[in-house]
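Inspection log for the structure reproduced underneath, given as structure tokens.
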Amino acid sequence: MPLQRPHITVDNLSIGWGARVLMEHVTFQVERGTIFTILGGSGCGKSSLLRYLIGLEQPGAGRIDIDGVGEPHRYEGVPPFGVLFQSGALFSSMTLAENLALPLSAWTPVRGPTARELVHSKLDLVGLGAFGEHLPGEISGGMKKRAGIARALMLEPNLLFFDEPSAGLDPISAIELDQLIITLSRDLGITIVIVTHELPSIFLVADYCIVLDKAAKGIVARGDPRKLRDASEIPFVHNFFTRSSPTASTKSGRVSQWPSRKATRDLASSS
Amino acid sequence: MSVTVRVDREGDHASLAPTGPFDLAHATAVSRAVEASEARLSGCVLIDVDLAQLDRIDGAGAVLLARLLDRLDAEGRAGCVVKGDNLEAARLIALYRERRVDRPAPQTLPMSPLARIGAFASELPGKANEALDFCGRCGVALPKTAASPSSVDWRSLPRLMQEIGADALLVTSAANLLVGIIIAFLGVSQLGRFGAVAYVPELVVVAHLRELGPLVTAIVVAGRSGAGLASEIATMKVSEEIDALRSMGFDPVRWLVVPRCLALAITLPLLTWVGDALALIGGLVATSVIAHITTRAYIQATVNAITVEHFLAGLVKSPFLGLAIGLIACGQGLLARGGAAAVGARTTTAVVLAIFSVIVMSALFTFFFALMGI
């Protein structure tokens with residue numbers, strides 16, 4: 001069987017605004033059909049990286065290539081991937097069914113009963129079958145996220161981006177959402193890229209992860225999150241996965257310093 | 001390759017073979033093919049579906065096939081997916097069948113015009129109640145403000161006066177200048193017919209200082225700041241900032257509405273005063289250009305025409321008009337519920353109501369002054 005091309009290839013990407021560089025020399029690949037997570041502390045640039053991946057920002061240096069799409073910021077036409085934004089980003093003046101029907105009416109000739117059937121099948125898929133006529137203001141935060149996923153699925157993409165899907169959800173809603181993500185990946189074969197810092201969710205769903213660090217301005221670790229948790233020697237990564245604070249670790253003698261930027265670059269180029 | 005569903009029948013046994021691309025791009029054709037095949041299945045009890053001929057399948061195609069199987073099942077016929085070598089299609093169809101939720105048919109009947117009028121009328125008492133409730137809260141806020149001045153965000157007052165007053169100076173001045181020119185043009189053309197061009201300066205003074213100056217300035221400010229204030233407060237309301245204020249023990253009326261209304265009540269007379277001056281200049285320019293009247297004579301006539309009564313009759317309205325704009329804009333903002341659409345709707349209502357009420361109040365002041373003989 002021929003080796004498949006990676007679904008997303010990010011090569012030596014720099015991100016930031018103007019003179020302010022958030023991250024540099026970011027290099028990674030996302031394999032087709034996997035659940036790939038981008039981890040890191042608050043303010044490290046995870047969500048900014050996502051904005052570059054979905055083509056909302058143009059890279060200053062480096063390159064992003066999505067298989068079959070090319071550079072996302074140059075792409076025009078039927079959106080080749082779905083995006084779930086942090087808040088769900090549903091249009092508040094439309095019912096859930098109207099929210100879902102929007103991409104269909106913009107990009108396909110499907111109308112009438114067929115369109116309604118497709119909309120309701122996606123609502124059923126995310127467990128919101130009974131809420132099609134509700135407005136976003138009338139449903140809970142977890143339901144909004146699921147509705148956001150349903151809308152992201154409307155154009156049958158083979159790639160989905162999720163920005164902090166389980167942030168702000170109760171544990172049960174978060175697990176339900178994680179199970180939905182696993183279903184989407186396993187049953188629909190969709191490649192999923194998730195930006196998050198929710199540890200239980202990461203260990204449950206992720207096949208592969210990269211860990212970003214603000215101080216190092218780049219990727220400090222990559223691999224299976226469960227293995228990184230158990231075996232990583234890098235202090236930041238260890239602290240991240242074991243939820244220990246750097247100062248506490250310093251006192252116990254486990255952590256001496258943050259990884260240097262050079263070390264990060266070496267790590268990035270070695271993989 | 002075209003989308004078809006081939007039907008082979010043998011007695012009460014039928015075999016369906018979907019062929020071609022069953023994807024979102026061909027969803028309409030898929031839907032039609034599925035319906036056509038369904039029509040040919042009458043009388044069949046055993047139905048097989050062979051997925052081996054499918055060229056391509058995605059969620060949309062799978063849903064349409066899944067619903068066909070659901071309907072066949074519901075009629076008591078045995079639809080059976082032949083997996084063949086297309087496991088992906090079988091898995092997708094199974095997923096959509098498994099997740100299906102039965103929905104009651106929507107029962108929304110179109111409203112008759114009479115019912116719509118009724119629905120609108122039934123909302124009116126609620127709306128009046130909301131407005132009165134807000135007026136009541138504002139009325140209570142005033143003595144409370146005097147009792148505890150720290151409950152008002154005084155620090156925002158200079159910024160608000162800058163935004164509502166100083167930043168609007170250019171547009172209100174331009175509007176007043178043009179209105180002054182218009183009055184003078186009209187005066188020269190109409191009064192000129194009776195040889196009474198000498199009365200044009202007095203016409204500009206009386207018309208503008210007493211009536212049009214405050215009105216034009218207030219309408220411009222109602223459109224500009226009314227929209228700004230209403231959308232600002234409505235956005236705060238829908239993003240729970242107002243709730244946060246209340247939870248911290250602040251009264252949003254005192255914290256937000258009082259400084260805004262005050263800023264409007266202070267700056268609107270100042271803007272009107274500047275506008276009055278510019279309108280007089282506009283009148284002078286227009287009259288000197290089209291009529292044989294010297295600048296010196298015009299200025300002299302203007303100075304003679306300006307009385308304290310004319311000046312004050314105009315200026316005394318302005319703070320009230322400013323107050324009305326502020327109360328309407330903030331009140332509409334605080335009533336916003338929902339999301340982005342509510343912000344837009346409340347802003348529109350605020351601007352319409354503010355402009356309308358400014359005109360009505362101006363008219364009432366005019367009647368009042370006429371009755372009082374001022």
Side-chain angles (χ1 to χ4, degrees), chain A residues 33 77-79 82 87-95 97-100 103-104 107-133 135-139 144 146 150 152-158 180 183-184 186-190, chain B residues 3 21-35 56-68 70-71 87-108 234-235 237-240 336-346:
Chain A
V78 182
S87 60
L90 300 168
F91 302 112
S92 59
S93 57
M94 300 180 185
T95 63
E98 287 167 345
N99 263 284
L100 266 67
L104 276 189
W107 293 106
T108 71
V110 184
R111 300 285 183 276
T114 310
R116 270 200 296 282
E117 196 62 76
L118 296 182
V119 163
H120 283 296
S121 71
K122 291 294 186 276
L123 283 172
D124 290 347
L125 190 65
V126 299
L128 291 175
F131 295 90
E133 301 312 312
L135 288 168
E138 298 166 347
I139 58 174
K144 276 183 203 163
R146 281 189 278 154
L153 287 170
M154 276 321 292
L155 295 174
E156 306 290 343
N158 57 10
L180 177 62
T183 303
L184 295 175
R186 191 190 54 208
D187 290 351
L188 301 179
I190 298 173
Chain B
V3 176
F22 271 53
D23 57 14
L24 182 62
H26 300 86
T28 312
V30 170
S31 181
R32 251 185 256 129
V34 166
E35 272 173 30
R56 195 164 56 239
I57 190 164
D58 66 6
V63 168
L64 296 170
L65 284 176
R67 293 300 167 263
L68 169 68
D70 288 341
R71 286 194 293 274
L87 285 172
E88 186 202 355
R91 200 180 59 219
L92 273 178
I93 293 172
L95 175 71
Y96 279 104
R97 292 196 71 184
E98 176 196 319
R99 294 259 173 169
R100 186 179 178 220
V101 179
D102 277 324
R103 263 175 307 278
Q107 293 185 337
T108 45
T235 308
K237 180 77 194 296
V238 298
S239 58
E240 297 180 324
R337 255 177 227 105
V343 175
R346 288 295 170 182

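To find a chain, count down the sequence lines: A is the first, B the second, and so on, and within it residues start at 1.
Residues in residues 110-130 of chain A take part in these salt bridge (charged side-chain N to carboxylate O under 4.0 Å, His left out) pairs, two or more places apart or across chains: A:Glu117-B:Arg67, A:Lys122-A:Glu156, A:Asp124-B:Arg67, A:Asp124-B:Arg103.
Closest of all the heavy-atom pairs between A:Leu180 and B:Arg99 is CD1-NH1, 4.2 Å. Of all heavy-atom pairs spanning B:Ser31 and A:Thr114, the tightest one is OG-OG1, 2.9 Å. Nearest approach of A:Ser92 to B:Ala341, heavy atoms of both residues: OG-N, 3.7 Å.
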Are B:Val101 and A:Leu128 close enough, and set up right, to give a side chain to side chain contact (heavy atoms under 4.5 Å, CB included), and what steps lead you there? CA-CA 9 Å; B:Val101 179; A:Leu128 291 175; over 6 Å; no

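In terms of heavy-atom pairs under 4.5 Å with chain A, the best-connected choice from B:Thr28, B:Val30, B:Asp23, B:Asp58 is B:Asp58. Here A:Leu125 is the residue among A:Leu125, A:Thr108, A:Leu104, A:Leu90 with the most heavy-atom pairs under 4.5 Å with chain B. In terms of non-hydrogen atom pairs under 4.5 Å with chain B, the most contact-rich of A:Asn158, A:Leu135, A:Leu118 is A:Leu118. Among A:Asp187, A:Val78, A:Leu188, A:Leu155, the residue making the largest number of heavy-atom pairs under 4.5 Å with chain B is A:Asp187.
The contact between A:Ser121 and chain B is made by backbone and side chain atoms together, counting heavy-atom distances below 4.5 Å. Of the two parts of A:Leu153, neither the backbone nor the side chain holds a non-hydrogen atom closer than 4.5 Å to a non-hydrogen atom of chain B. Interface residue B:Leu92: only side-chain heavy atoms are found under 4.5 Å from chain A. A:Met94 does not touch chain B: none of its heavy atoms, backbone or side chain, sits under 4.5 Å away.
Put simply, OG1 on A:Thr183 and CD on B:Glu98 are 8.5 Å apart, with the number rounded to the nearest 0.5 Å.
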